[in-house]
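Letters A, B, ... mirror the listed sequences (proteins, then strands); counts begin at 1.
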Number of protein chains: 4
Amino acid sequence: MCPKVTSQHKLEVRGRIIQSAIECFSNDGFDRTRMDEISLSADLSKGTLYNYFENKEDLFNAICEDSLDLLKVQLHHLFTKSRDDLISNAELFYENFQKLQKEGTAKVFFEALAESTRNPKLQKILFNHRLKIYKVVENYLQIQSDMGFIKADRNLAYVASGIVSLFDGITTASLIGIPENYNKKTWAVAIKAILSNLD
Amino acid sequence: MCPKVTSQHKLEVRGRIIQSAIECFSNDGFDRTRMDEISLSADLSKGTLYNYFENKEDLFNAICEDSLDLLKVQLHHLFTKSRDDLISNAELFYENFQKLQKEGTAKVFFEALAESTRNPKLQKILFNHRLKIYKVVENYLQIQSDMGFIKADRNLAYVASGIVSLFDGITTASLIGIPENYNKKTWAVAIKAILSNLD
Amino acid sequence: MCPKVTSQHKLEVRGRIIQSAIECFSNDGFDRTRMDEISLSADLSKGTLYNYFENKEDLFNAICEDSLDLLKVQLHHLFTKSRDDLISNAELFYENFQKLQKEGTAKVFFEALAESTRNPKLQKILFNHRLKIYKVVENYLQIQSDMGFIKADRNLAYVASGIVSLFDGITTASLIGIPENYNKKTWAVAIKAILSNLD
Amino acid sequence: MCPKVTSQHKLEVRGRIIQSAIECFSNDGFDRTRMDEISLSADLSKGTLYNYFENKEDLFNAICEDSLDLLKVQLHHLFTKSRDDLISNAELFYENFQKLQKEGTAKVFFEALAESTRNPKLQKILFNHRLKIYKVVENYLQIQSDMGFIKADRNLAYVASGIVSLFDGITTASLIGIPENYNKKTWAVAIKAILSNLD
DNA sequence: GATGAATGAGCTTTCATTCAT
DNA sequence: TATGAATGAAAGCTCATTCAT
């Protein structure tokens, strides 16, 4: 029999590698993650990894793109799904945010950040990703504004980037070990202040 | 001639190692920094490094402490020196902030952050450091409040942690390559909103 | 559709593999030639290679035989075709020689030579090949002698092996980068001296 | 005590590495020689090899230069020492030649030749080396001429390169397994013809 | 104390070969 | 028969650490 082109199979294997890689890179960072670990975790031989990705960096870039794409999708869902008043529900919003992060995407983001100072390609990926996130949040604010929850503001783009930065900063605090309750309150206080005060 | 060994001399050498290490770890991160590099940059032999620090991790912890201490001092100066109205001068404040960061302390902070997920001792250092920063900012806000620039607020501690987080997040944006003008405006908009809206 | 398997087809495929292999081994040598390269160049899958040849060494031996056979044929043509006076036309002869070599057979010869020190089977192939070349040249000299261009000589066999060795040595010089004009003159001077001086 | 600079020691170790490398590369060729082998044979750790040579290729280049230098010296001795009539003693000369080659320099030469097609730096080394050999032989012929053993010849340079090429070609034959007696006779016949027939 | 040559465990990567389809 | 994904042994190379001087 002539062999069929198992494009489906290759995609499945690639996905398995990516998943294992996300886990490993999240836990151990780029440098300390061993290709051995990844292949073991994906239940594949080390050689197979190199049939799918040119080298470690290539794999890392791929999982960054995938991981960031996932994050973007998650944020998009979160923002478009929740049509509630952000100001009143700030704390609930934070909790939902954090739940998403637990799935591993946040840690990869910080790994990518550290790595990006030595990897221009990665820096570009991160840059573009950030712009998309800004846009997602800005659209969300526009909706909140349309619904009358917040005032329209000529600075909506800056408000959006401010909110994203605030969230990144609090995630940093969270990573360091600042208690979640404290972080949640910090978020709520800042968000309420920012959104109540639009021009 | 063989060098004389005095306590003074030891301190001087230790300082030189720390300085070189800060530079190297800032540029290349923990894993990619070679002990060779550091010793070369400090104009010492590799063996001498090990007379002053037990191993690479020990050295990294030491420079983190030193580097963070420096950052704390810098922030303290910045906050106690500038008795202006933070709201009106938000952009100027951001610029001064950034100037401090350029001296290398910021990058070490993010390196330490990445490393801390694998290094409990380092995590504790970062945790305590963060609390100190929060306190510095809180005191500053109290002064601003005393001077009538901002309203007193029962949530001053949370406002302080929010400001620190906001700044960390914007520094992240800066590292990724978001233009400084954009970041500055983001900062100004958020800061004005937060501080104008205290209860 | 699955390809039909006919004896004709098998021979055609085998030929394609040999051709690709000659090219690859000529360019990169035994060790640095990848089975991937050969299969790609022959527009076949890697697995198919192993249906025709047991392993890399087996394939190399096969192409050596083929390549050397070709060289023998080329030399035979050259020697039997040119009925001119070798002494007078030594330089022209060298040029014709070189033209043949350009087709890739020479490089394979030196690859085989290097490889033969570790491959007894290959050494035997090369040994037998060399004897045949000696014979081809000896016959040629006999013809030249019959035609009165050179004296008959009781050492004709040694003269033949001398000429072959001289040519190999000059090919070595050519590989190293000694200019062709210099090599040609070297050849002409030596050939004239050798052939003018037969007993 | 302050440590002394053990330049002497480093030279001694470097020499040991070179010696082991010559042996290994002679026996197994460039590609098949393992760095492990060399270090083992030199009774050193693999890491130490890399303290003395940047990488495998660097080491190979170094041993080529060393090995070729040695060959040049050997040839120089041979040619300046033997003030006999080369024509009458051609066979003896060949034997002395071969004796030198047995010491390992010849095989490295052919290894280098094969490798040089992929290594421009090496090609240059071989090229320059060859020119030097030509010169050594040319000088020798001049002396033979001065002593009246051979005629002066306007083509002495070409005669020299012819002799070198002849010798290389016969060495090739020797590597392939052509019997030494046959090679010796080939040499004698060709040498006598060439040198008896100078203009 | 200061040195730097030596170490060797451990990493990334390669590639001839196999075999289920 | 043809395929090409999977394999895994083995290679080159790195670098934190040690220790005799």
Side-chain angles (χ1 to χ4, degrees), chain A residues 1-6 9-10 13-14 31-39 43-59, chain B residues 2-6 9-10 13 31-40 44-59, chain C residues 1-6 9-10 13 31-40 44-59, chain D residues 1-6 9-10 13 31-39 43-59:
Chain A
M1 193 194 75
C2 288
K4 285 176 202 141
V5 179
T6 55
H9 172 254
K10 285 192 79 169
V13 171
R14 192 180 186 279
D31 282 294
R32 303 206 178 174
T33 294
R34 308 289 152 232
M35 294 305 262
D36 265 335
E37 276 180 73
I38 298 173
S39 69
D43 202 26
L44 289 167
S45 78
K46 225 186 327 180
T48 302
L49 251 57
Y50 285 88
N51 288 335
Y52 286 82
F53 299 94
E54 291 226 332
N55 52 40
K56 198 180 173 185
E57 195 184 275
D58 186 37
L59 174 56
Chain B
C2 292
K4 282 175 206 149
V5 180
T6 68
H9 173 255
K10 282 190 75 170
V13 171
D31 282 294
R32 304 203 180 177
T33 294
R34 312 285 156 235
M35 295 302 263
D36 263 335
E37 276 180 75
I38 298 173
S39 69
L40 205 72
L44 288 166
S45 78
K46 232 185 323 179
T48 303
L49 251 56
Y50 285 86
N51 289 334
Y52 286 83
F53 299 94
E54 289 226 333
N55 52 38
K56 198 182 175 185
E57 195 183 277
D58 186 35
L59 173 56
Chain C
M1 196 193 75
C2 290
K4 283 174 205 147
V5 180
T6 69
H9 173 254
K10 282 189 74 169
V13 171
D31 281 294
R32 303 203 181 178
T33 294
R34 310 288 155 234
M35 294 302 263
D36 263 336
E37 274 180 76
I38 298 173
S39 69
L40 207 71
L44 289 166
S45 78
K46 233 187 318 181
T48 303
L49 251 54
Y50 285 86
N51 289 334
Y52 286 82
F53 300 94
E54 290 226 335
N55 52 39
K56 198 182 174 184
E57 195 183 277
D58 186 35
L59 174 56
Chain D
M1 194 195 77
C2 288
K4 283 174 202 144
V5 179
T6 56
H9 172 253
K10 284 192 81 168
V13 171
D31 282 296
R32 303 205 178 174
T33 295
R34 309 289 151 233
M35 294 302 264
D36 266 332
E37 277 180 70
I38 298 173
S39 69
D43 202 26
L44 290 166
S45 78
K46 219 181 341 173
T48 302
L49 251 56
Y50 286 89
N51 288 335
Y52 286 82
F53 299 94
E54 290 227 333
N55 50 42
K56 199 181 173 183
E57 195 184 275
D58 186 35
L59 173 57

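Summarising the geometry of Arg32(B) relative to Asp31(A), their closest heavy-atom pair is NE-OD1, 3.2 Å, with the distance given to 0.1 Å. The two residues Thr33(A) and Lys56(A) have their closest heavy-atom pair at O-NZ, 3.0 Å.
Taking for each of Glu57(B) and Met35(D) the nucleotide of DNA chain F with the nearest heavy atom, the 5'-most of the two is the partner of Met35(D). Where Asn55(A) and Glu54(C) meet DNA chain E, the nucleotide closest to each residue was compared, and Asn55(A) sits on the side nearer the 5' end. Residue whose closest nucleotide on DNA chain F sits further toward the 5' end, between Leu49(C) and Gly47(D): Leu49(C).
Whole-Å rounding puts the Asp36(B) CG to dA6(E) P distance at 15 Å. Between the C1' atom of dA16(E) and the CZ atom of Arg32(C) lies a distance of 17 Å, rounded to the nearest Å. In this structure, Arg14(A) atom CZ and dA5(F) atom C1' are separated by 16 Å, rounded to whole Å. Going from atom CG of Asp31(B) over to atom P of dG10(E) covers 16 Å, rounded to whole Å. Atoms NZ (Lys10(D)) and P (dA6(E)) sit 8 Å apart, rounded to a whole Å. The CG atom of Asp58(C) sits 15 Å away from the P atom of dA16(E) (whole-angstrom rounding). Residue Tyr50(C) contributes atom OH, which lies 18 Å from atom P of dT7(F) at whole-angstrom precision. Remark: P of dT3(E) and CG of Leu44(B) are 6 Å apart, rounded to the nearest angstrom.
Within the model, atoms CG of Leu49(D) and CG of Asn55(D) stand 11.0 Å from one another, a figure rounded to the nearest 0.5 Å. The distance from atom CD of Glu37(A) to atom CE of Met35(A), rounded to the nearest 0.5 Å, is 11.0 Å. The OG atom of Ser45(B) sits 11.0 Å away from atom CG of Leu40(B), with the distance rounded to the nearest 0.5 Å.
Taking 3.5 Å as the limit, the base of dT17(E) and the side chain of Lys46(C) contain a donor-acceptor pair of atoms between them. With hydrogens and angles left out, the side chain of Asn51(D) and the base of dA5(E) share no donor-acceptor pair within 3.5 Å.
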Next item on the list: For side-chain contact (heavy atoms from CB on, under 4.5 Å), just list the numbers for Val13(A) and Asn51(A), CA-CA rounded to whole Å, side-chain angles, deciding distance to a tenth of an Å, and then say yes or no.
Entry: CA-CA 11 Å; Val13(A) 171; Asn51(A) 288 335; over 6 Å; no

Notebook entry, point to check: What do the steps show when you test Thr48(D) against Tyr52(D) for side-chain contact (heavy atoms from CB on, under 4.5 Å), and what is the final call?
Noted result: CA-CA 7 Å; Thr48(D) 302; Tyr52(D) 286 82; 3.7 Å; yes

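In this structure, Thr33(A) reaches the sugar-phosphate backbone alone: every heavy-atom distance under 4.0 Å involves primed, P, OP1 or OP2 atoms, never a base. At a threshold of 4.0 angstrom between heavy atoms, the contacts of Tyr52(D) are confined to the sugar-phosphate backbone, with no base atom among them.
OP1 or OP2 of dA6(E) has at least one side-chain nitrogen or oxygen of His9(D) nearer than 4.0 Å. Remark: Thr48(C) is in phosphate contact with dT3(F), judged by side-chain N or O atoms under 4.0 Å from OP1 or OP2. Residue Arg34(D) places none of its side-chain N or O atoms closer than 4.0 Å to OP1 or OP2 of dA10(F).
Counting only Watson-Crick or G-U wobble pairs whose defining distances are both under 3.5 Å, the stems of 3 or more consecutive pairs in DNA chain F are E:2-21 with F:2-21.
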